J.: 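Sharing a structure with you now.
Keep in mind that what you see is a predicted model, and the values were worked out from it rather than measured. Note that the numbering runs from 1 along the sequence shown for the chain.
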Amino acid sequence: MNVRRRSSATVLAAIAVIGVAAPAVAADPSPSTSASGPSGLYGSADPQFDGVWRQSLALLAQDTAGVVPSPKAVKWLTDQQCDNGGFAPFRADPAKACDAKTMVDTNSTAAAVQALWAVGGHGDVVESALAWLKSVQNKDGGWGYTPGGPSEANSTSVVIGALTATETDPEKVRKAGKSPYDALLASALPCAEDGGAFGYPNQDGKLLANADATAAGVLGALGKGLVTEAGEKAGGAGCTDADEPTREQAAANGAAYLADALAKDGHLKSALGGSAEQPDYGNTADAVVALAAQGGADKAAKPLAWLEKNAAKWAEGSGPAAYAQLILAAHATGADPRAFGGTDLVEKLNATGPAPQGAAAKDTATASAKAADEDEKKDDSGFGVWWFVGVCLAFGIGIGFLLSGRNKKQQP
């Protein structure tokens, strides 16, 4: 049989099969020069208020896109944990023990749990963080942002996400007989007055309809975390009041509120400091995730299209958390985050911090394939082509053995 001129497509097809069987992994390269923050942290902006949150979202977004994060990025996050299990938004000196002045919070801790569970291999960190979250649960079953603060939908929902992500049933995590779902449903507002939104307490403790709290509340009521996929397609039923709404009904009512808020422009709005209303890209992305989770991808089609058309510049100016939010919105709706309105969100996110392992391996494989094509053109014997395939097969088998020992989901 004459194999002298087997096409390069045959070689690449063989490599593609190898890639499916054993995803390539390479040694962690040096941090990206585009990021000037602490070593391992994504983004160069001051991390004082959002370091752990943005890092957690970045790792989650990479995981959904099939990217293996840099060990430096993961270590940065694990180093932020206090001895009591909680996470603060940012600790400038992780080597210094946390004290009474270290402001640990439920949101940072719950987000870190979800991220570290997703990347795997940190069961001790996750177990300690979950124990801390359970220890600061309020008597109504929920959580506030800080330990002892009044329960509210946002914080309660992100903790529910941490519980369900780690295969812990929120219904069984109780304080004084109350579960997180009890506290969350107490934040659901009636249809007649507030359109079925979830409320956020003002300074007087009164619940006011809030789109951000509603997007979080929908996910929490469904028992979903920050990463979710589209739910079953639902009809266009509006908001329906009930004396004792179920979690599913509260989620449907919240989704109806979001759909109404998005109906006119395809995006949510916000106003800060008395300024004119501006598009709220982040909350719109969160709303897309909530709508898709509750009623299928079609329900989020309009705001998703708006984000694809308009959000790239916002993300570029806002940093890794923004890119991550858009990637999670794409994941929830089945959209391609590598071709999101003409932008490769994954590439943009990766460039804000230490280069992930998967990206380096992909670049190496691409360079090797190009070199093999050149060798094929020069070698009339056909030996170069099939030698290259053999090397790739050996490489794939070796990587398969390496990956087989990786514990993706270490139980806490």
Side-chain angles (χ1 to χ4, degrees), residues 53 84-87 103-114 117 126-191 194 196-228 241-255 257 286 289-290 293-294 412:
W53 181 263
N84 66 3
F87 283 76
M103 299 299 292
V104 291
D105 69 85
T106 60
N107 289 227
S108 298
T109 304
V113 165
Q114 294 183 58
W117 181 266
V126 170
E127 181 178 4
S128 178
L130 287 174
W132 180 82
L133 286 169
K134 293 175 183 178
S135 74
V136 297
Q137 185 178 15
N138 291 331
K139 291 183 178 180
D140 62 1
W143 287 267
Y145 179 78
T146 55
S151 298
E152 31 84 9
N154 299 65
S155 297
T156 299
S157 293
V158 74
V159 176
I160 288 175
L163 295 172
T164 57
T166 56
E167 302 173 11
T168 304
D169 184 359
E171 189 64 45
K172 296 180 180 178
V173 179
R174 292 176 171 265
K175 181 65 71 71
K178 297 289 187 178
S179 79
Y181 294 132
D182 292 321
L184 188 60
L185 290 178
S187 296
L189 300 174
C191 300
D194 298 291
F198 283 82
Y200 192 87
N202 64 7
Q203 292 181 344
D204 298 325
K206 180 181 179 181
L207 290 175
L208 301 179
N210 181 278
D212 187 30
T214 302
V218 169
L219 291 180
L222 293 172
K224 304 291 186 180
L226 294 169
V227 176
T228 185
D241 277 325
D243 292 336
E244 295 184 5
T246 63
R247 293 195 289 117
E248 292 74 17
Q249 186 58 59
N253 288 350
Y257 173 86
D286 292 342
V289 175
Q294 191 278 324

J.: Applying side chain to side chain contact (heavy atoms under 4.5 Å, CB included), name anything that partners Leu189, two or more places apart in sequence or on another chain.
T.: Asp194, Leu207, Ala209
J.: Quick one: salt bridge (charged side-chain N to carboxylate O under 4.0 Å, His left out) partners of Glu171, sequence neighbours excluded?
T.: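 For Glu171 the salt bridge (charged side-chain N to carboxylate O under 4.0 Å, His left out) partners, ignoring immediate neighbours, are Arg174.
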J.: Check whether the side chains of Asn138 and Ser151 place a donor and an acceptor atom closer than 3.5 Å, and report yes or no.
T.: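 Yes, a side-chain donor-acceptor pair sits under 3.5 Å.
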J.: Which pairs of donor and acceptor atoms, one on a side chain in residues 129-137, lie under 3.5 Å apart (sequence neighbours left out)?
T.:
from, atom 1, to, atom 2, distance (Å)
Ser135, OG, Trp132, O, 2.6
Gln137, NE2, Gly141, O, 2.9
Gln137, NE2, Val173, O, 3.0

J.: Do Val289 and Lys224 come within less than 4.5 Å of each other through their side chains, counting heavy atoms only?
T.: no
J.: Considering only residues two or more places apart or on different chains, which pairs with a residue in residues 158-191 satisfy disulfide (SG to SG under 2.5 Å)?
T.: Cys191-Cys239
J.: Are the side chain of Trp117 and the backbone of Val126 linked by a donor-acceptor contact shorter than 3.5 Å?
T.: no
J.: Verify side chain to side chain contact (heavy atoms under 4.5 Å, CB included) between Gln114 and Val227, making sure each step is shown before the conclusion.
T.: CA-CA 9 Å; Gln114 294 183 58; Val227 176; 5.9 Å; no
J.: Name every donor-acceptor pair, under 3.5 Å, that has one atom in a side chain of residues 196-206 and the other anywhere in the protein, sequence neighbours excluded.
T.:
from, atom 1, to, atom 2, distance (Å)
Asn202, OD1, Asp204, N, 2.9
Asn202, OD1, Gly205, N, 3.0
Asn202, OD1, Lys206, N, 2.8

J.: Please, which pairs that meet side-chain hydrogen bond (donor to acceptor under 3.5 Å, both in side chains) have at least one residue in residues 152-164, sequence neighbours excluded?
T.: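 Of all non-adjacent pairs touching residues 152-164, those that pass side-chain hydrogen bond (donor to acceptor under 3.5 Å, both in side chains) are Asn107-Ser155, Glu152-Ser155, Asn154-Asp212.
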J.: Taking all non-hydrogen atoms of both residues, which atom of Ala110 and which atom of Ala162 are closest, and how far apart?
T.: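 Closest approach of Ala110 to Ala162, heavy atoms only: O-CB, 3.6 Å.
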J.: Checking the side chain of Thr109 only, and the main-chain atoms of Phe87 only, is there a donor and an acceptor separated by less than 3.5 Å?
T.: yes
J.: Heavy-atom distance under 4.5 Å between the side chains of Tyr181 and Ile160, does that happen here?
T.: yes
J.: Is there a side-chain contact between Asp169 and Leu163 in this structure, where contact means two heavy atoms from C-beta onward sitting under 4.5 Å apart?
T.: no
J.: Evaluate the side chain to side chain contact (heavy atoms under 4.5 Å, CB included) criterion for residues Arg247 and Leu185: first the C-alpha distance (whole Å), next the side-chain angles of each, then the deciding distance (0.1 Å), finally the verdict.
T.: CA-CA 7 Å; Arg247 293 195 289 117; Leu185 290 178; 4.3 Å; yes
